[in-house]
Amino acid sequence: MPKSNTNEMPRLLKQDQAQTIQRELLAWYNKNKRNLPWRQNKDPYKIWVSEIMLQQTRVDSVIPYFQRFIERFPSIEDLANAPEEQVIKAWEGLGYYSRAKNLHAAAKEIVFNGDGKIPSDRKSILKLKGIGSYTAGAILSIAYGKKVPAVDGNVMRVFSRLFALADDIHSSSTRKKMESIAEQLIPEENPGDFNQALMELGALICTPASPTCLFCPVRSVCDAYEQGIEEQLPRKKKAKPPVQQDVVIGFFRYREQFIGEKRPDQGLLAGLWGFPTFELSPGEDPLQKIKNFCDQKQIPGSKYIIKGKFKHVFSHRHWKVDVVQVDVKHPSFSLPATWEWMGIGQKEEKTWANVYQKVFKLE
DNA sequence: AATCCGGGGGG
DNA sequence: CCCCCAGGATT
């Protein structure tokens with residue numbers, strides 16, 4: 001019987017192409033890999049922390065956070081025993097704060113309910129909060145040398161070009177297809193280095209715009225390069241435009257004190273500190289919005305001034321911000337539950353979302 | 001399958 | 001201005 005149709009997946013890989021990719025990519029990686037802080041050893045804890053930080057975040061942004069984080073929490077026990085506020089504080093400014101909460105929760109799970117070791121099998125590690133298919137593969141292959149794919153955005157872009165695949169890389173079925181390709185491609189020897197080599201190639205050579213194919217170690221077996229379509233790949237559907245939202249931020253003051261607001265535990269900037277923030281309907285006047293609120297809540301405002309304006313961009317939401325300073329006659333009125341009087345000292349203690357750091361800078 | 005969740009760097 | 005980054009959780 002010919003075995004041509006016995007594979008579950010379409011036969012995307014030619015044998016010689018696969019071998020060339022393995023050989024050339026590993027050789028290139030050994031010569032060109034960047035010296036990154038989490039590449040100094042294979043401590044699963046450090047690999048884990050780095051991979052969580054690197055989710056949707058560039059290497060250059062992560063480096064200083066990683067170094068401070070490891071300094072502050074050198075081991076998984078240190079992390080598990082730390083209060084959550086400290087973990088969030090170490091994440092301040094990095095974004096996607098649920099990553100920090102999930103990392104902390106998983107550390108506690110491992111240390112207090114597990115054996116203190118990060119699991120080395122895929123099924124167990126996938127149960128941990130914040131670890132999905134990619135991160136599981138990255139930890140298992142890099143830290144434990146397991147032959148498990150780690151398909152991220154870089155790898156999908158590289159595969160789209162190497163094999164001239166026109167699948168939309170934003171669709172969830174495409175990632176499964178890419179993982180099955182990676183399964184066939186990943187070598188027994190050095191699976192961790194191979195996974196990192198694919199990502200490193202995507203970061204340094206096979207870049208989203210104007211890839212430097214002339215320096216590419218696998219150019220000779222790249223289908224997109226051969227067809228001259230590398231600039232057209234990968235294919236992706238256009239993202240939905242972000243929501244435009246006008247907001248007004250209240251900066252309430254009494255002498256050297258100001259009011260902070262703890263954001264809700266769910267949603268945007270969950271659990272971080274900021275200032276009282278109100279969404280405006282189209283055309284609504286920010287000053288009037290604050291005044292009305294003070295009247296309703298019997299907040300004794302004496303002076304209301306527009307302190308500044310700025311724009312802030314979240315990936316899925318654009319804020320046009322007016323900051324209104326409210327001087328109050330006296331601080332002894334009842335505060336909403338999430339509000340708190342504080343002094344300049346609390347600025348360092350609490351964790352502030354970046355958008356609210358901009359308010360401090362208006363001072 | 002769609003949507004939500006930050007922030008920043010580079011073209 | 002645009003893209004998209006060593007993605008995962010939720011619905």
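The chains referred to below are lettered A, B, ... by the order of the sequence lines, with proteins before strands, and numbering in each begins at 1.
Toward the 5' end of DNA chain B, the nearer of the two residues A:A353 and A:S173, judged by each one's closest nucleotide, is A:S173. Sequence order on DNA chain B of the closest nucleotides to A:S172 and A:G95 puts A:S172 first from the 5' end.
A:S171 pairs by the side-chain contact (heavy atoms from CB on, under 4.5 Å) definition with A:D168, A:S173, A:T174, not counting sequence neighbours. Under the side-chain contact (heavy atoms from CB on, under 4.5 Å) criterion, A:N41 pairs with A:D43, A:K46, sequence neighbours left out.
Salt bridge A:E85/A:K89: absent, no basic N to carboxylate O contact under 4.0 Å. Between A:R34 and A:E200 there is a salt bridge, with a side-chain nitrogen of the basic residue lying less than 4.0 Å from a carboxylate oxygen of the acidic one.
Residue A:L94 is in base contact, counting any heavy-atom pair closer than 4.0 Å across all strands shown. Across all strands shown, A:S50 has no heavy atoms under 4.0 Å from either base or sugar-phosphate atoms.
Atom NZ in A:K347 sits 12.5 Å away from atom CE in A:M342 (nearest 0.5 Å). Of the inter-residue distances, the one linking A:F215 atom CZ with A:W28 atom CH2 reads 12.0 Å to the nearest 0.5 angstrom.
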For this session: Summarise protein proximity over nucleotides 1-11 of chain C in one line of letters, 5' to 3': B for base, S for sugar-phosphate only, - for none, counting protein heavy atoms closer than 4.0 Å.
Result: --SBBBBSS--

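Stem analysis of DNA chain B (at least three stacked-register Watson-Crick or G-U pairs, each with both distances under 3.5 Å) gives B:1-5 with C:7-11, B:7-11 with C:1-5.
Side-chain heavy atoms closer than 4.5 Å link hydrophobic residues (I, L, V, M, F, W, Y) into clusters, and following such links, even through other members, never connects A:L54 to A:V158.
Counted by atom type alone, A:Y356 and A:R263 present one or more donor-acceptor pairs between their side chains at under 3.5 Å.
Taking the 5' to 3' direction, DNA chain B first and last meets chain A under 4.0 angstrom from a heavy atom at B:dA1 to B:dG9.
Heavy-atom neighbours of A:E109 CD from other residues, nucleotides or ligands within 6.0 Å: above the threshold of 12.
B:dG6 and C:dT11 have their P atoms separated by 15 Å, with the value rounded to a whole Å. Nucleotides C:dA6 and B:dT3, compared at atom P, are 24 Å apart to the nearest Å.
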Problem set entry | ring-ring contact (aromatic ring centres under 6.0 Å, His included) between A:F69 and A:F73, intermediate numbers included | CA-CA 6 Å; A:F69 195 94; A:F73 312 108; 4.9 Å; yes

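Sorted by first and then second residue, the ring pair (Phe, Tyr, Trp, His ring centres under 6.0 Å) pairs with a member in residues 123-159 of chain A read A:F159-A:F163; sequence neighbours excluded.
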